[in-house]
Amino acid sequence: MSDKMVVVPYQVDQGLVSATVIDIRWQRIFLYITVKIEYAAGADKTAPPDFYFVDSNYYPGFMGKIVSQEDQTYTLEINITNNGASRAIACGEYAIIVVQNKVQVARARLSYEIAARLEEVSRNFLYSNKNRVFSISFVLDGDDDRLPFYMYILPAQKVGAGTPPNLRDKPKKKPLVLNPKTRAVNWFNKNNKRLITSMYWKYRAQKPAGEKYILFYSEQSDTLGSNITAVRDRMKKRGLDKEYHFEEYSCSIKEHPSRSNKHWVDYLKKVAYADIILMDDHSPTFDWLTLDTGTKIIQLWHAGAGFKSSGYSRWGHLGCPSPWSCHRQYSYGIAGSRKIAHFFSEVWGMNTSRVLPTGMPRLDEYLDEDHRKKTVEHLYKKFPAAKGKKVILFAPTYRGTDRSNAFYPYDMIDFDRFAQVCGDEYIVFFKMHPWVSAGTPIPDKYKNIFFDVGSYPNINNLFYITDLLITDYSSSIFEYSLMRKPMLFFAFDEVQYSLSRGFHRPYRESAPGKVCAKFSELMDAIEKKDFEYEKVEEYVSSSFDYIDTHSSDRVIDWLILGNIPEELQKEIDREDAIGKRLARLDFKPPFAEREEIQ
């Protein structure tokens, strides 16, 4: 494709088409703008319109995606974290230009009703621990009574303004204390990002020519996750360790924040040599260390399809990523199905076409009948009380912000009522999130009914002998749903959780089971067997394109070896082509019109 700029012909001045913005609204990171099109005599009413957001230099920054149409009224969707090229929308001032038949035919104006509400629909997204803001404003040109649409985007940061000095005590200077030992260990750490970056490129240049390296990588745990190990082990069985040099790196920087010089050198060599990096979580180092574009990063996200917002889906909330982050470097991600791929692309701020429905590699073992049979035998030996009983697995997620303060409010559980409901039919396994250090406070009198299994390492194995799962917002529903067994959701803090953490889809509509706000409702549902089980089948249907033991092979064949199915590759190429075409378009109007538009 030629890189030559293409000037889009200008016919706005003919007045054959008019475009009016009649509504602006938000849903998380998605901006929805409704535009009404009207045609004068002689206009082409049959040609479908495209909506380009064009900056003050007359270059299109992004397009509005048409998500609904009624007569000549169109609703456009804009993901502010993804301009179509896995980047946040660039700083600047944008107008909406309507194009028909590759010709500019209208420039959007504001209706009087929406013009009066512009301050209400402008929005700020805080990030970087509330020290920076991504500001989106809709402004009026006071000198133009035609009310042209302007969308102004400004990434900004906190500066030195604060409380006037005369209103506070003068701060005391703290003496600078240097610890020689600590300095010696930390000279490579993140205050020396420039040094680390230069070292990375030095090692990248030293990469042995003709050799292929694959790095199995985690910066969130001292052990590699199950998706990564499933792919690694399958590659070895297929003999691909003879074709690739296998390297592994797993180190929780939260647990080991002060990494030694030798650690950094070993780490940088592994990252620099890698042709492919497989990871299953966020990498804090890759937030600022930009890798060679020749390195393919494949995100094998550790969670299936839950509810909790993360990454860019919770932009503006505490702990959200910056506009440039690790997520921007992914070549591909994976999901269970094409229907849910957009949940993951929203998290990563990338094009949905690059989230491929391979399925989760860890499910290969989980769905293997021999593994299931052996595991069930093991579980009944380990938990003999489960034999002859129905097992309820109580497995909620944690409350709090992170590992350091994670907890579960055990006072929400009425153990007496729970024991009464269990009777002779059920026993209950309590499996709290690994970050919750406090064990379940089971009363002594119920030790034969309630069991704390928090130390058991693999929750998926417990699903084999579980008859009813009780959870809240956990992604464990993804694997459990494949057992085709009922679930209940104890969401006593649904409103607070949605406001603080956020959901990336409507919770009650999406939960594959009955949602209970009170513990008494939960107990009633168990007694009445009121599980709303039909929602489980709906969830499985939408969440899985494949239910088999070949997810690891699809990851290897499609993403590592590059044999992506033709239908999926066409969609990737189509989205990529849109971005490349946008970069070549020039919306300059005739010179006489420029002053008027400016």
Side-chain angles (χ1 to χ4, degrees), residues 27 303-309 313 335-344 346 357 359-360 362-363 366-367 369 372 376 386 389-397 412 417-418 421-423 425-429 431 459-495 497-498 502-549 551:
Q27 184 178 356
F307 309 103
K308 295 182 290 187
S309 290
S313 70
S337 75
R338 296 187 74 176
K339 289 181 180 178
I340 64 172
H342 65 283
F343 294 134
F344 296 90
E346 179 183 333
M360 298 293 143
R362 65 175 178 270
L363 294 184
Y366 180 64
L367 292 172
E369 282 302 319
R372 179 174 179 171
V376 169
K389 297 279 188 178
K390 290 182 179 179
V391 176
I392 297 174
L393 180 61
F394 192 97
T397 192
M412 300 302 300
R417 176 80 172 107
F418 209 166
V421 168
C422 288
E425 185 177 6
Y426 297 101
I427 63 169
V428 181
F429 285 173
K431 173 71 171 166
I459 190 172
N460 286 358
N461 286 347
L462 296 174
F463 293 159
Y464 292 142
I465 62 170
T466 295
D467 298 281
L468 171 64
L469 173 66
I470 298 175
T471 186
D472 40 27
Y473 320 114
S474 171
S475 62
S476 62
I477 60 173
F478 186 73
E479 288 85 357
Y480 183 74
S481 69
L482 291 175
M483 296 292 100
R484 298 312 213 280
K485 296 174 184 177
M487 301 178 230
L488 288 173
F489 294 83
F490 182 34
F492 57 86
D493 56 351
E494 178 186 349
V495 174
Y497 198 91
S498 65
F503 298 127
H504 64 208
R505 52 178 166 167
Y507 177 65
R508 287 184 174 261
E509 295 174 22
S510 306
K514 186 180 181 67
V515 177
C516 303
K518 297 179 180 179
F519 195 78
S520 58
E521 294 176 14
L522 184 68
M523 296 298 101
D524 290 344
I526 296 174
E527 284 188 320
K528 297 174 182 178
K529 306 278 192 296
D530 180 16
F531 306 131
E532 299 181 7
Y533 176 76
E534 67 279 1
K535 294 181 178 179
V536 174
E537 292 297 337
E538 294 171 6
Y539 179 88
V540 171
S541 176
S542 66
S543 298
F544 298 91
D545 283 353
Y546 304 95
I547 302 176
D548 58 24
T549 58
S551 293

Visitor: Taking all atoms of both residues into account, what is the closest heavy-atom pair of I526 and F531, and its distance?
Guide: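 Minimum heavy-atom contact is CA-CE2, 4.2 Å.
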Visitor: Is any side-chain heavy atom of L393 less than 4.5 Å from a side-chain heavy atom of Y480?
Guide: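 A side-chain contact is absent here, since even the closest heavy-atom pair is not under 4.5 Å.
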Visitor: Main chain of T397, side chain of D472: is a donor-acceptor contact present, judged purely on distance under 3.5 Å?
Guide: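 Side chain of D472 to backbone of T397: a pair is present.
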Visitor: Taking side chain as C-beta onward, heavy atoms only, is E534 less than 4.5 Å from E532?
Guide: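 E534 reaches E532 side chain to side chain.
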Visitor: Can you name the nearest heavy-atom pair linking F394 to V428, along with the distance?
Guide: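 Nearest heavy atoms, F394 then V428: CB-CG1, 4.2 Å.
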Visitor: Under a 3.5 Å distance rule, please check whether S337 uses its side chain to pair with a backbone N or O of S542 as donor and acceptor.
Guide: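 Yes; at least one donor-acceptor contact below 3.5 Å.
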Visitor: Would you indicate whether K529, at its atom NZ, is surrounded by more than 12 heavy atoms from other residues, nucleotides or ligands within a distance under 6.0 Å?
Guide: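 Above 12, so yes.
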Visitor: Determine whether the aromatic ring centres of F519 and F492 lie less than 6.0 Å apart.
Guide: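 Here the rings of F492 and F519 have centres that are no less than 6.0 Å from each other.
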Visitor: Counting distance only, does the side-chain N/O of D530 pair as donor-acceptor with the main-chain N or O of K514 below 3.5 Å?
Guide: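 Side chain of D530 to backbone of K514, a donor-acceptor pair under 3.5 Å: no, none is there.
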Visitor: Would you mind reporting whether M360 and S551 have side-chain heavy atoms less than 4.5 Å apart?
Guide: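 S551 vs M360: side chains apart.
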Visitor: How about T466 and M483: do any of their side-chain heavy atoms sit closer than 4.5 Å?
Guide: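 The answer is no; the side chains never approach within 4.5 Å.
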Visitor: Are any of the side-chain heavy atoms of L468 and K390 separated by less than 4.5 Å?
Guide: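 Heavy-atom side-chain distance check fails, nothing below 4.5 Å.
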Visitor: May I have the step-by-step check of side chain to side chain contact (heavy atoms under 4.5 Å, CB included) for V391 and I427, ending in yes or no?
Guide: CA-CA 5 Å; V391 176; I427 63 169; 4.1 Å; yes
Visitor: When rounded to the nearest 0.5 angstrom, what distance separates CG in L469 from CG in L462?
Guide: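 The CG atom of L462 is 10.5 Å from CG of L469, to the nearest 0.5 Å.
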Visitor: Are any of the side-chain heavy atoms of K389 and C422 separated by less than 4.5 Å?
Guide: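 A side-chain contact under 4.5 Å is absent here.
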Visitor: Of all residues at least two apart in sequence or in a different chain, which pass the side chain to side chain contact (heavy atoms under 4.5 Å, CB included) check with E537?
Guide: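 If we apply the side chain to side chain contact (heavy atoms under 4.5 Å, CB included) test to E537, skipping adjacent residues, the hits are R484, Y533.
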Visitor: Without swapping roles, check the side chain of Y546 against the backbone of G359 for a donor-acceptor pair under 3.5 Å.
Guide: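 Checked: no pair found.
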Visitor: Side chains of L363 and E479: closer than 4.5 Å at any heavy-atom pair?
Guide: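 Yes. Closest side-chain heavy atoms under 4.5 Å.
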Visitor: Please report the closest heavy-atom contact between F490 and A517, naming both atoms and the distance.
Guide: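 The pair with the smallest heavy-atom distance is CE1-O, 4.1 Å.
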Visitor: When the aromatic ring centroids of F489 and Y473 are compared, is their separation below 6.0 Å?
Guide: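 Here the rings of Y473 and F489 have centres that are no less than 6.0 Å from each other.
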Visitor: Between F418 and I392, is any pair of side-chain heavy atoms under 4.5 Å apart?
Guide: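 They are in side-chain contact.
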Visitor: Treating T471 as the side-chain partner and A395 as the backbone partner, does any N or O pair qualify as donor plus acceptor under 3.5 Å?
Guide: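 It does hold such a pair.
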